[in-house]
Amino acid sequence: MNAFSKLHPFTIFCYYVITLILLIWVGHPMLYLMMFALMFADYSLSVGGRRAVKAFLSSMCVALFCVVINPLLNHRGVTTLFLLGDTRITKESVGYGVYMAVLLLGTIFLFSCFSFVMTSEKIMTLTGRRFPSFSLLFSMILRLVPKTKKDFFEMTALHGNRPKVWSALVGKLMEDSVERSLAMKNKRYGRGKRTSFHQKKFRKQDWGILGSIGVMIVCVILFARLSPVRVQFFPNIRVEMYPALYWVMWAVYLAIPMEIKGKEELSWLLSRRKITGSIIRDR
């Protein structure tokens, strides 16, 4: 289990949501590149390198689509690279396409890390009492994608990839959704007070993460006021840089999940070394 997932669901939710808001507000391409690198590393540590590489390759198809399509549709910019028929391909439109691709990749892996640690049960724990309908719907959406993928491979292994398989898969998904909604209705879900088996309480680590989030918000606002930078792609590319301290601050903040996981692993290794005299984990 990811050590970061042991935190309170409210802490996890605040960290990822506020991080995304701050990243969009700052909007610097170097920051998006840093987000992509660190979130990819965090996702690799959580699910394994092979699975992370597969996710990266599938995401690259969408990112390359942005890089190719944007120069074909957006002809703004003053620097012409070449002419494709009557279409003018500009350096600024290509740069903006790369910028959007990096933003898309970073966002995909940010949400991948969020979905890994913030399970549907935690979402229902967090919002089930105040927003029962929303929490049930959101948990069903999170459950839909992996279940659809599993059912698809099982059905195609038995019957092949045919149109009838797709129609049967859609019918099965709709039937499962209706069955779950009826089951929750019979359990009187959303009526009266609801309890949860996740008996999470705020610990010192949760308060520390929330404090780090607050400090990060204040620092981002201060840098935006005291040392503003300009990022533009049209009519020409102009990307100003923040001081080095700003990037170090963001790197430490974005690496919080990996720092917590590394701290737990180091603690385990030291404890094992004291007990057995070895730092190698049993297989």
Side-chain angles (χ1 to χ4, degrees), residues 1-56 58-59 102-127 138-139 142 145-146 198-220 245-271 281:
M1 178 182 287
N2 192 328
F4 193 73
S5 63
K6 298 178 182 178
L7 297 173
H8 194 278
F10 180 75
T11 305
I12 299 173
F13 181 80
C14 287
Y15 175 78
Y16 282 105
V17 171
I18 294 177
T19 298
L20 181 62
I21 293 173
L22 291 176
L23 288 167
I24 294 174
W25 185 52
V26 174
H28 199 284
M30 287 297 296
L31 186 57
Y32 290 146
L33 184 62
M34 182 187 299
M35 173 184 66
F36 163 65
L38 292 176
M39 291 302 160
F40 177 76
D42 184 25
Y43 188 70
S44 301
L45 292 175
S46 299
V47 304
R50 181 176 298 178
R51 184 175 171 184
V53 170
K54 289 182 178 179
F56 170 72
S58 60
S59 302
V102 174
L103 170 60
L104 181 62
L105 286 173
T107 305
I108 288 174
F109 281 100
L110 179 69
F111 277 102
S112 298
C113 295
F114 174 76
S115 62
F116 182 80
V117 298
M118 195 69 173
T119 60
S120 58
E121 290 81 7
K122 290 181 180 179
I123 292 174
M124 295 186 71
T125 301
L126 186 63
T127 62
F138 195 71
S139 65
L142 291 180
V145 176
H198 283 285
Q199 299 297 329
K200 288 286 187 180
K201 295 183 178 180
F202 274 94
R203 300 177 298 172
K204 292 182 178 179
Q205 199 171 31
D206 291 296
W207 291 113
I209 299 298
L210 292 176
S212 301
I213 295 173
V215 171
M216 192 65 190
I217 294 173
V218 173
C219 292
V220 169
L245 178 62
Y246 188 80
W247 305 116
V248 173
M249 177 185 68
W250 266 108
V252 173
Y253 177 76
L254 292 175
I256 284 179
M258 289 187 290
E259 292 165 6
I260 294 176
K261 182 178 177 61
K263 182 179 179 181
E264 186 179 75
E265 288 292 326
L266 180 61
S267 177
W268 185 92
L269 290 174
L270 293 176
S271 300
R281 184 179 292 189

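Any value given below was found using the heavy atoms of this structure, including those in side chains, with hydrogens, waters and symmetry copies removed. Quick note: residue numbers are just sequence positions, from 1. Here the structure is a predicted model, which is why all the values come from computation and not from measurement.
- Counting all heavy atoms, side chain and backbone alike, Ser59 lies closest to Phe109 at OG-CE1, 4.5 Å.
- Atom OH of residue Tyr15 and atom CE of residue Met216 lie 9.0 Å apart, to the nearest 0.5 angstrom.
- Listed for the Tyr32 side chain is a donor-acceptor partner under 3.5 Å among the backbone atoms of Leu23.
- Residues Pro29 and Val102 fail the side-chain proximity criterion, which asks for heavy atoms closer than 4.5 Å.
- Rounding to the nearest 0.5 Å gives a distance of 4.5 Å between CG of Leu210 and OG1 of Thr11.
- Atom CE of residue Met34 and atom CH2 of residue Trp250 lie 9.5 Å apart, to the nearest 0.5 angstrom.
- By the 4.5 Å heavy-atom criterion applied to side chains, Lys261 and Asp42 are not counted as neighbours.
- The minimum heavy-atom distance linking Ala52 with Val47 is given by the pair N-CG2, 4.2 Å.
- The shortest distance between side-chain heavy atoms of Ile108 and Phe36 does not fall below 4.5 Å.
- If you take CZ on Phe40 and CG on Leu45, they are separated by 10.0 Å, rounding to the nearest 0.5 Å.
- For the pair Met39 and Leu105, the minimum side-chain heavy-atom distance is 4.5 Å or more.
- The shortest distance between side-chain heavy atoms of Tyr253 and Ile213 falls below 4.5 Å.
- By the 4.5 Å heavy-atom criterion applied to side chains, Pro257 and Tyr16 are counted as neighbours.
- Summarising the geometry, atom CD1 belonging to Ile24 is positioned 11.0 Å from atom OG1 belonging to Thr19; distances are rounded to the nearest 0.5 Å.
- Nearest heavy atoms, Leu110 versus Met35: CD2-SD, 4.4 Å.
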Would you please test Ile209 and His8 for side-chain contact (heavy atoms from CB on, under 4.5 Å) and show each step? CA-CA 10 Å; Ile209 299 298; His8 194 278; over 6 Å; no
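- Taking 4.5 Å as the limit, some side-chain heavy atom of Phe111 sits within range of a side-chain heavy atom of Leu20.
- Taken to the nearest 0.5 Å, the CG atom of Asp206 stands 8.0 Å off from the CD1 atom of Ile12.
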